[in-house]
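A short write-up of the structure that comes next.
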Amino acid sequence: MNLDGRKFEIFYPDNYSPDEKKSMDELKARVESEGGAGLMVDRTVTLEKRDAVEYARLWDRWNPLFNSEKYAEKTKWRRMPTLPCFSFGENISGFPMMDEAGRKLGDLFYYANDGGDIELFEHVYPGDVLTFKSTTQHIKDSTPESGSALRSFNLYGETEMLRNGRVVGRGKGYGRNAMMRFADGGPVPSVYEQTYEWLDYIPPVHTTTENEWSMIRELWKNEEIRGSKKRYWDEVKIGDRLTPVCSGPVSDIDMFRLHGDMICGMPDTRGFIEEGQEGFLITDKYGQKINFMARHYSYCRNEGARAVFYNFTARNFIIRMLTNWMGDDGFLRGFKWRFQNLFRCMAGNEPGKEFLAKVPSMSGRFVNRHGMEGDTAICMAEVTDLYIRDGLYLANVVCWAETFDGDVIQVVEATVELPKK
């Protein structure tokens, strides 16, 4: 979608036409009456055992705590907990979605999910009935006072996750919407054309070399699952590095597998290789080793296009690294996750920079682009703080996922509770 030479209307904050004001009033009334607007409105869900087991198998089939009831019965939890994030999917908190109203506030509509802050107080288990209660939803017009061609809104939400009336988790969600309106009377692109505006400037697919495949296999081999060997808080030091984990190169077939039901029973590339079935894989011109079915789905087989990660794909890879490191007796008390959106006009916010500043070797860096098909996510982390709060022995860990091209595609700051020696 080429916008060169087009002229745009200038917007000012909280300055709406009568029709625009009507749309905003209707949106705010819906948010107030329904407890939200979008996917994260008030709801009650039952954690089905089958779904919990499938989720753990897809994201971390190597850690027995989340995959084996018999193993988990011998741990301090006495039951098999669900893998962190299963209970709420992408995020506990939803911010209000402006889609319907937003498209009335301009000709072009842009969206960004900037991540969230999650607190967890207890494990949840298959069979639990959880209620999600939206407690706060805000829409703030953040268009500059001086005026801008980009009409901008900050979106914010808070939600509680309850089991039997007791709060077992809280979340905050951050997002943005933006609009532009043509002032030259020219044609307005279709929703489809605008949705893929980011295709105009995505980087080329990384070609994975055999040397890089050797590095990937080495990272897989060295991946350590702490398990029943307790990691004591007393033994951890600020500056300790976690054992990295590696996921990828991630193909679009992996995205179907991880995020959809269509082919989720299929092994990933690592599974085929480790089971001695590499013959079922093809190596494409980018060096990805993928199941032969991928050629039917892959965007990157079309020049200039790449499938993109779901917002939380690399975050979940990072969660695997954390649960590997903390062992069975550790507990993930919370995490803040940040990533970059797809649209260039909204990409100047340097997400995760404040977290990476706590790691000397990563100071000044931030999430510089969204994860995409062909990326290998190498997840790394460093302990940045140790402290005691409310009788709990806690470690703060700053984590990031980096590609072979040196791009940072996700940042997480986690708080981990560990046993005291």
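Residues Phe317 and Ala377 approach most closely at CD1-CB, 3.8 Å, considering heavy atoms. Across Ile92 and Gly171, no two heavy atoms sit closer than the pair CG2-N, 3.9 Å.
His206 pairs in a side chain to side chain donor-acceptor pair (under 3.5 Å) with only one of the listed residues (Asp405, Thr376, Asp375), which is Asp405. Here the options are Asn311, Asp114, Asp117, the test is side chain to side chain contact (heavy atoms under 4.5 Å, CB included), and the partner is Trp337; only Asn311 passes.
Checking side-chain atoms of His370 against main-chain N and O of Phe339 turns up no donor-acceptor pair under 3.5 Å. One N or O on the side chain of Asn368 and one on the backbone of Val408 form a donor-acceptor pair closer than 3.5 Å.
The aromatic rings of Tyr156 and Tyr174 sit tilted relative to each other, their planes meeting at an angle between 30° and 60°. Relative ring orientation between Trp77 and Phe331 is described as tilted, the plane-to-plane angle lying within the 30° to 60° band.
Environment of NZ in Lys133: sparse, with no more than 12 heavy atoms of neighbouring residues, nucleotides or ligands closer than 6.0 Å.
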| message | Apply side chain to side chain donor-acceptor pair (under 3.5 Å) to residues Ser142 and Arg176 and explain how you reach the verdict. | response | CA-CA 9 Å; Ser142 54; Arg176 289 172 292 148; over 6 Å; no

| request: Begin from the C-alpha positions of Arg241 and Ser361 and carry the test side chain to side chain contact (heavy atoms under 4.5 Å, CB included) through to its verdict. | output: CA-CA 12 Å; Arg241 283 289 182 107; Ser361 64; 2.9 Å; yes

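Using a cutoff of 4.0 Å between basic side-chain nitrogens and carboxylate oxygens, Arg217 and Glu210 are not scored as salt-bridged. Salt-bridge annotation for Glu354 and Lys336: absent, with no side-chain N of the basic residue lying under 4.0 Å from a carboxylate O of the acidic one.
The side chain to side chain contact (heavy atoms under 4.5 Å, CB included) search around Asp329 returns Lys76, Lys230, Pro419, not counting sequence neighbours.
Remark: Arg270 qualifies as a cation-pi partner of Trp62 under the 6.0 Å distance and 45° angle criteria applied to the six-membered ring.
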